[in-house]
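Positions are given from 1, in the same order as the sequence printed here. One-based numbering, in listed order, for ligands and for the atoms of each.
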Amino acid sequence: MTATTDVRTAAAEALASLGVELPAVPDGGASFEVRSPLSGDVIATLPQAGAAEVDAVVARAKAAFTTWRTVPAPARGAVVKAWGDLLREHKEDLASFVTLEAGKITAEALGEIQEMIDVCDFAVGLSRQLYGQTMPSERPGHRLMETWHPLGVVGVISAFNFPAAVWAWNTAIALVCGDTVVWKPSEMAPLTALASAALLDRALAEAGAPEGVSAVVLGAREAGEALVANRDVALLSATGSERMGAEVGPVVAARFGRSLLELGGNNAAIVAPSADLDLAVRGIVFSAVGTAGQRCTSLRRLIVHSSIVDDVVARLSRAYAKLPIGDPREEGTLVGPLINQTSRERMLASLEQARAEGGEIVVGGEAVDVDGAAGAAYVSPALVRMPAQSDVVHRETFAPILYVMSYDDLDEAIAMHNAVPQGLSSSIFTLDQREAERFMAADGSDCGIVNVNIGTSGAEIGGAFGGEKTTGGGRESGSDAWRAYMRRATNTINYSTELPLAQGVDFG
Ligand code: UN1
């Protein structure tokens, strides 16, 4: 294992290269510390917003909305294009924040920034395609159509594991839709947020956009709660735990706001007898151990046909035994740290429970020491064989644990697959078209993302992203997810000289 070089210096250098100055903590003001998961060291101390500050920021965003919504959508798209160009220019710098704060290996951190660039490109095109439909009217001389209008202030609450991209999916789309955005990033990744938002601010300022189109509020629970409760937040898009979603959803609903929730995943892949196993093993390992198992889309359950399960487990354990674990900035590292010690404790506790429920840890599942990183939480990804019925498997543990179970027929595999509360992502490895189609059919996978011959993670931005059941039902990013960020008006236009009533009503 390699030594972790000074993360404080790295953070300072990355901030300087983007020209970002950190806000100072006012005298006697509330503050919070930011620790890098690479070493556990404190890399910044930042002011923490309370409810009053959040409300003031939302009020500014509401005022900015009255101007921004009148800017033509393609002109709003041009601002997003300029933002995307800045992201391209500063891709490496931004990625270094993602590594420092979320612990991602460089390739995955760069991938996260690429995802932001991709969604900007998508949103630029979308800015000329916010189509409404026209329908035939039942009345002569009438026309029926839909118009999509900007919605208002969009509140974004994001998690540590995608500290920039999830905000960007929301923001790029919200901006072309004519909304303004207030972002409460994870308190574990505020530097990534400040750096990312600084680039958007630059693009907005150069375009002469009103102040307050985009804003960041730093803080923890209190700031998040204020954003959720604020009646001027028309759409609240929140990514995080199911517990958080269960608190946020009812509060937003009670004030008749809209929410878009991206909560837990307990994603599974089925490996059928016909699968191309070389390809399957590569897809499984990336999805299970990428981002150290801390993506919402991480693969957590593997349901393998009994005729090949021993072979699959043997191949996976060979791959797991060779995984380079350590400082995510080092070339060759594939597994960086968990976000913090609590996360590691939860992982070890889940493995303990798995053992108690009849599981066998085939490989991994141990704390790993990395030189110079005593305060960090590195682990070896765990591969665990489980009996089919087990409680721990039905719970999401946000760590690299892959539970392997076996099945005999596909109906049984699909039933096992769907027998968890969450419904985000899923996949099947098979070369049998009937099986693939069955998995994608109405009585197949019950998830929002259903893949064939690729893993559960790493979705492209072009599709709608989100899931069912306790995952929360929201859809972000591509396809027609933009509709959640706008309000629909139905227009009926009478261009005749008569006044026929709908449903044939005769009113004298
Ligand atoms: C998340 O983990 O919150 O599909 C988002 C993926 C990424 C996004 C994950 N494109 O893995």
One pair to check against salt bridge (charged side-chain N to carboxylate O under 4.0 Å, His left out): D121 and K81. What are the steps and the verdict? CA-CA 7 Å; D121 287 353; K81 180 172 187 310; over 6 Å; no
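Protein residues with a heavy atom under 4.0 Å from ligand 1 are E115, N161, F162, W169, R295, C296, T297, S457, G458, A459, F465.
Salt-bridge check for R295 with E108: passed, with a basic side-chain N closer than 4.0 Å to an acidic carboxylate O.
In this view, L334 and I105, L323, P324 satisfy the side chain to side chain contact (heavy atoms under 4.5 Å, CB included) rule, not counting sequence neighbours. For R35, the side chain to side chain contact (heavy atoms under 4.5 Å, CB included) partners at least two apart in sequence or on another chain are E33, V42.
Legend: side-chain hydrogen bond (donor to acceptor under 3.5 Å, both in side chains) pairs involving residues 395-404, not counting sequence neighbours, sorted by first then second residue: S350-T397, Q353-R395.
Of the possible polar contacts, one joining the R300 side chain to the G293 backbone as a donor-acceptor pair under 3.5 Å is found.
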